[in-house]
Amino acid sequence: TQDAADTDASTALAASISGRVVTVTVTCPANPALELDDVMTVVQPDRTLAGQVSKISLPIPLSTMTVEMLVPRSQFWAA
């Protein structure tokens with residue numbers, strides 16, 4: 001029926017939108033315990049972002065590191 005098709009389309013659209021991510025690059029104090037696929041939270045004055053770690057750059061000597069994390073678009077643009 002049309003109602004069932006509309007419901008399926010709405011469900012598929014919601015899943016597609018929520019599945020999209022933004023790559024956020026963060027420079028922070030070095031943490032050698034952080035691993036790929038860990039979930040990292042970044043607190044900013046206007047919002048808090050949480051996402052899966054996708055890339056880590058740990059320089060030698062350890063001081064700061066650069067981390068790329070995947071944040072859902074809905075969370076990133078919600079502020």
Side-chain angles (χ1 to χ4, degrees):
T1 68
Q2 186 63 47
D3 288 338
D6 290 344
T7 300
D8 288 345
S10 295
T11 302
L13 178 62
S16 173
I17 291 171
S18 66
R20 296 183 183 188
V21 294
V22 174
T23 301
V24 176
T25 303
V26 178
T27 301
C28 56
N31 179 357
L34 188 68
E35 297 180 351
L36 292 177
D37 296 327
D38 282 354
V39 174
M40 182 174 164
T41 301
V42 177
V43 178
Q44 297 178 315
D46 59 341
R47 62 184 165 185
T48 299
L49 301 174
Q52 181 181 15
V53 175
S54 62
K55 183 178 180 182
I56 302 170
S57 297
L58 262 169
I60 304 288
L62 294 178
S63 58
T64 61
M65 65 182 186
T66 303
V67 177
E68 288 184 8
M69 54 190 269
L70 304 175
V71 176
R73 279 185 176 204
S74 58
Q75 187 185 123
F76 186 78
W77 295 111

For this session: Please report the shortest heavy-atom distance between Pro32 and Leu58, naming the atom on each side.
Result: CA-CD1, 4.2 Å

For this session: Apply the test side-chain contact (heavy atoms from CB on, under 4.5 Å) to residues Thr23 and Lys55: give CA-CA distance (whole Å), side-chain angles for both, the deciding distance (0.1 Å), then the verdict.
Result: CA-CA 10 Å; Thr23 301; Lys55 183 178 180 182; over 6 Å; no

Exercise. Is there side-chain contact between Glu35 and Val53, with at least one heavy-atom pair below 4.5 Å?
Worked result: no

Problem set entry | Cluster link Val26 to Leu36, ILVMFWY, side chain under 4.5 Å | yes

Seminar exercise, completed: Nearest heavy-atom contact between Ala50 and Thr41 is CB-OG1, 3.9 Å

For this session: Mind checking the CG-CG spacing from Asp38 to Asn31? Nearest 0.5 Å is all I need.
Result: 9.0 Å

Seminar exercise, completed: Rounded to the nearest 0.5 angstrom, the CG-CZ distance for Leu70 and Arg20 is 15.0 Å

Exercise. Between Met40 and Met69, what is the shortest heavy-atom contact and its length?
Worked result: O-CE, 3.5 Å

For this session: Report yes if some heavy atom in the side chain of Val24 is under 4.5 Å from a heavy atom in the side chain of Val42; otherwise report no.
Result: no

